[in-house]
> 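Sharing a structure with you now.
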Amino acid sequence: MGADGITPRGEDFSRWYQDIVQKAELADHSPVRGCMVIRPNGYAIWEKIQQGLDRLIKQTGHQNAYFPLFIPESFIHREAEHIEGFAPELAVVTHAGGEKLEEPLVVRPTSETIIYSMFAKWVQSYRDLPLLINQWANVVRWEMRTRLFLRTTEFLWQEGHTAHATDEEAETETLQMLEVYRRFAEEWMALPVYAGLKSDSEKFAGAVRTYSIEAMMQDGKALQAGTSHNLGQNFAKTFELQYQTADNRMDYCWNTSWGVSTRLVGALIMGHSDDKGLVIPPRLAPLDAVLVPIYKSDEQRTAVLEYAAGIEEELIRADFMIRTDAREQFTPGWKYAEWEMKGVPVRIEAGPKDLEKGHVVLVRRDDRSKRFVPRDGVADALRETLETMQRDLFEKARAFRDERTIPVDSYGDFRDYMAADRGFARAHWCGGAGCEEKVKEETKATIRTVPVEEEAREDGTCVVCGAASPRRVIWGKAY
RNA sequence: CGGGGCGUAGCGCAGUCUGGUAGCGCACCUGGUUCGGGACUAGGGGGUCGGAGGUUCGAAUCCUCUCGCCCCGACCA
């Protein structure tokens, strides 16, 4: 462990991750196994994610609503594949009000069943469609093994649910939201992602097709960062979600659902942070900058704090989130380390020399580069620094990912590459579940995503069995 | 749920084998000197040793059971 108490990434990635979560005060373990207390620093990041994404969701025409936590157990059982996927991880309430319940209540693992049963009441004709709903909620899945943010028993997420008149429209919606997630990941989170289709073995139970975005973490492993499902008419048929067509027939609706969760906070950590602590892309940082005043004598103290107060006031007026760290009991150096640990994107230093020269020092968190900027231009300089840092973080992550995503054409090479834990392989796949299963058993790698763009088409032979393959797919070990 | 590791002050650990007054570093509190990359000094506070039961004159230490965390596997966003 280093002087700052963080296990270096290269030494033990998993411990490094836990150290960041603890030391940056993002989350803590609750008394209940597998559950997580999201601490203020962590929750502030989640709030930024919510704000950014909520806007994109609304801009694409969706409205927020809220459906209840409790779902009648029978609802979950109605859709055969759905229950098969979820049965082992359900938490069920059997008693309430001091009595045994007539029908047990499931704590939602996801809300398809309750939402589409309600949609059935609201949709009469094609004129009621499309119905575009989103909800921000908590869900519970009784997982065997948990990790803070990445997989917890209870987690926070957003789940969109829509109903459409045609299959084509539902598919368009599914892809639209996949694109929203891709944009959010890349432009807000500065995480480059591969977007594409899930193989049958990885798709959501109850969906016709599942799409996802997949990001590469700094240890070369994949993190599924968002999913978008085309549900077909599976749930519509189960819950009698029908509508009257323009030519007076009855038809079942076509549904989609899509979500991202607090797991994204984990993605941010593992995507950008370093051995000094948390690194957050500026667009998602709760604080834009921290101002550290520096002084020796009392006269300096008075002058510098006044200088700092003026800067802070100006930056707040320019709509930045900023805090001055005027704590007396810590030295500037100590504060630098502390704020680096917590991932504040920019540090502003202001001391007697800066006051004298009429400038301030801006230091970037990611590369710790220093800039001296005139006092009067501090707001513009800060804005520019944050924008540059946002871009640089994305480019750095993209270069890392690209370098570690390599084409592989023989099964021997494939096994060697996966054994080295480097990253993703782009290899041909015949589409057979058997080949996928064999790879998983022998290398622990799975198909992360199947690229669907036209440009991705390429004739080749399956890296496992040698049969004809229309495209390379992305393979990797996953969280 | 299987295999491995670990629970002792807020954090990191020693002490456990071989039972005998619970320690160290950091953090915390008070004073003084410091302050542009994790300051120095003097004094001080803080612990049902994860929990329960047992053995013993005496248990952090030995025995039994139990709970939690981490790593590896099976399940998953």
Side-chain angles (χ1 to χ4, degrees), chain A residues 1-7 12-19 21-23 25 28-35 84-90 109-110 139-159 181 198 201-205 207 210 212-215 222-229 257-267 276-277 292-298 300-301 304 326-341 347-357 360-361 363 368 370 372 440-441 444 446 478-479:
Chain A
M1 199 179 282
D4 44 15
I6 297 176
T7 306
D12 185 337
F13 193 82
S14 180
R15 289 205 48 182
W16 166 80
Y17 175 79
Q18 292 174 62
D19 286 346
V21 171
Q22 288 290 341
K23 307 271 175 184
E25 297 173 1
D28 210 341
H29 295 279
S30 95
V32 177
R33 174 198 184 78
C35 289
E84 203 174 306
F86 276 115
E89 45 188 85
L90 294 179
T110 179
V139 286
V140 168
R141 299 179 187 176
W142 221 258
E143 301 289 351
M144 301 204 161
R145 201 172 138 198
T146 58
R147 265 139 106 27
L148 293 177
F149 290 113
L150 300 178
R151 172 164 297 106
T152 47
T153 298
E154 177 188 6
F155 57 93
L156 306 184
W157 77 347
Q158 146 286 303
E159 51 179 322
Y181 289 156
K198 280 295 191 187
S201 69
E202 298 268 332
K203 90 173 166 56
F204 171 67
T210 291
S212 74
I213 54 170
E214 303 280 331
L223 189 81
Q224 182 170 314
T227 53
S228 187
H229 313 291
S257 69
W258 26 273
V260 305
S261 71
T262 34
R263 172 178 253 203
L264 290 184
V265 178
K276 294 196 162 299
V292 179
I294 298 152
Y295 46 80
K296 287 192 175 70
S297 64
D298 274 352
Q300 283 181 346
R301 180 173 177 277
V304 166
R327 289 176 296 178
E328 297 283 347
Q329 68 269 39
F330 298 115
T331 62
W334 195 94
K335 293 175 183 173
Y336 299 168
E338 160 109 339
W339 290 110
E340 278 167 7
M341 179 96 76
R347 176 175 77 240
I348 303 174
E349 300 174 12
K353 290 181 206 165
D354 306 303
L355 198 161
E356 189 185 316
K357 293 175 186 164
V360 294
V361 186
V363 186
R368 301 213 291 165
K370 266 188 192 189
F372 294 88
K440 187 174 180 182
E441 268 172 33
K444 292 175 198 162
T446 50
Y479 273 97

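Just so it is clear: chains get the letters A, B, ... in the order the sequence lines come, proteins before strands, and each one is counted from 1.
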> Between B:rC69, B:rA77, B:rA74, which nucleotide has the shortest distance from any of its atoms to the side chain of A:His29?
B:rC69
> Please report the distance separating the C1' of B:rG20 from the corresponding atom of B:rA60, rounded so that it comes out in whole Å.
13 Å
> So that I can tick it off, tell me whether A:Glu328 and A:Arg301 are bridged by a salt bridge, with the cut-off set at under 4.0 angstrom between side-chain N and carboxylate O.
yes
> Could you please name the option among B:rA77, B:rA74, B:rG36 that lies closest to any side-chain atom of A:Ile294?
B:rG36
> Going by an N to O cut-off under 4.0 Å, is there a salt bridge joining A:Glu338 and A:Arg347?
no
> Identify which nucleotide among B:rA74, B:rG36, B:rC28 has an atom closest to any side-chain atom of A:Met144, counting heavy atoms from C-beta outward.
B:rA74
> If you assign A:Ser14 and A:Leu355 each to the RNA chain B nucleotide with the nearest heavy atom, which residue ends up on the more 5' nucleotide?
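Per heavy-atom nearest nucleotide, the more 5' residue is A:Leu355.
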> In whole angstrom, what separates A:Phe204's CZ from B:rC75's P?
18 Å
> Out of curiosity, A:Arg147 CZ to A:Thr152 OG1, how far, rounded to the nearest 0.5 Å?
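Going from CZ on A:Arg147 over to OG1 on A:Thr152, the span is 12.5 Å.
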> I want to verify a distance call: between B:rC28, B:rG37, B:rG36, whose nearest atom is closest to the A:Phe330 side chain?
B:rC28
> Of all the nucleotides listed (B:rA74, B:rA77, B:rG36), which has the minimum atom distance to the side chain of A:Lys353?
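Nearest listed nucleotide: B:rG36.
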> B:rC69 phosphate, OP1 or OP2: any side-chain N/O from A:Arg33 under 4.0 angstrom?
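The answer is yes; a side-chain N or O of A:Arg33 sits under 4.0 Å from OP1 or OP2.
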> Using atom P in both nucleotides, what's the gap between B:rU41 and B:rC11 to the nearest angstrom?
26 Å
> Taking only side-chain N and O atoms of A:Lys198, does any of them lie within less than 4.0 angstrom of OP1 or OP2 on B:rA77?
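Negative; the distance criterion is not met.
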> Would you say the side chain of A:Gln300 and the base of B:rG36 hold a donor-acceptor pair, judged only by whether the two atoms sit under 3.5 Å apart?
no
> Just to confirm, is there a sub-4.0 Å distance from OP1 or OP2 of B:rA39 to any side-chain nitrogen or oxygen of A:Thr331?
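So the side-chain polar atoms of A:Thr331 do come within 4.0 Å of the phosphate oxygens OP1 or OP2 of B:rA39, strictly under.
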> What is the distance, rounded to the nearest whole Å, between atom CD of A:Gln22 and atom C1' of B:rC69?
11 Å
> Taking OH from A:Tyr295 and P from B:rG36, how many angstroms apart are they, rounded to a whole number?
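It works out to 11 Å between those atoms.
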> Give none if B:rC49 has no partner; otherwise give the nucleotide forming a Watson-Crick or G-U wobble pair with it, both distances under 3.5 Å.
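When the pairing criteria are applied, nothing turns out to pair with B:rC49, so the answer is none.
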> With nearest nucleotides of RNA chain B determined for A:Tyr479 and A:Asp354 from heavy-atom distances, which residue corresponds to the more 5′ nucleotide?
A:Asp354
> Which distance, rounded to the nearest 0.5 Å, do you find between the CG of A:Leu150 and the OH of A:Tyr17?
3.5 Å
> Just how far is it from atom CD of A:Gln224 to atom CD of A:Glu202, taken to the nearest 0.5 Å?
7.5 Å
> Is there a Watson-Crick or G-U wobble partner for B:rG68 with both distances under 3.5 Å, and which nucleotide is it?
B:rC6
> For B:rU56, which nucleotide is its Watson-Crick or G-U wobble mate, given both distances must be under 3.5 Å?
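Matched B:rU56 with nothing under the 3.5 Å cut-off.
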> Nearest to the side chain of A:Met341, heavy atoms from C-beta on, is which of B:rG38, B:rG37, B:rA74?
B:rG38
> B:rG4 P sits how many Å from A:Asp12 CG, rounded?
20 Å
> Using only side-chain N and O atoms of A:Gln18, determine if any of them is under 4.0 Å from OP1 or OP2 of B:rC71.
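Yes.
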> Which value, in whole Å, describes the distance between the C1' atoms of nucleotides B:rC40 and B:rC35?
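Going atom to atom, C1' in each nucleotide, I get 12 Å.
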> Taking side chain as C-beta onward, heavy atoms only, is A:Met144 less than 4.5 Å from A:Pro88?
no
> Counting only Watson-Crick pairs (N1-N3 plus N6-O4 or O6-N4) and G-U wobbles (N1-O2, O6-N3), all under 3.5 Å, who is the partner of B:rU30?
B:rA42
> For the pair made of CD in A:Glu143 and C1' in B:rC1, what is the distance, rounded to whole Å?
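For the pair A:Glu143 CD and B:rC1 C1', the rounded distance is 15 Å.
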> CZ of A:Arg301 versus C1' of B:rU34: gap in Å, rounded?
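That distance rounds to 14 Å.
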> When the C1' atoms of B:rU8 and B:rG2 are compared, how many Å lie between them, rounded to an integer?
29 Å
> Counting only side-chain nitrogens and oxygens, does A:Arg147 get under 4.0 Å of the OP1 or OP2 atom of B:rC71?
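For B:rC71, OP1/OP2 do have a side-chain N/O of A:Arg147 under 4.0 Å.
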> Taking the minimum atom-to-atom distance to the side chain of A:Pro332, which one of B:rC35, B:rC11, B:rA77 wins?
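Selected nucleotide: B:rC35.
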> Counting only Watson-Crick pairs (N1-N3 plus N6-O4 or O6-N4) and G-U wobbles (N1-O2, O6-N3), all under 3.5 Å, who is the partner of B:rC24?
B:rG12
> Provide, to the nearest angstrom, the distance between the CD atom belonging to A:Glu328 and the P atom belonging to B:rU33.
14 Å
> Calculate the interatomic distance between A:His229 atom NE2 and B:rA77 atom P; express it in whole Å.
8 Å
> For the side chain of A:Ala337, starting at C-beta, report the closest nucleotide among B:rC11, B:rG38, B:rG36.
B:rG38
> Can you classify the ring geometry of A:Phe13 versus A:Trp16 as parallel (below 30°), tilted (30 to 60°) or perpendicular (above 60°)?
tilted
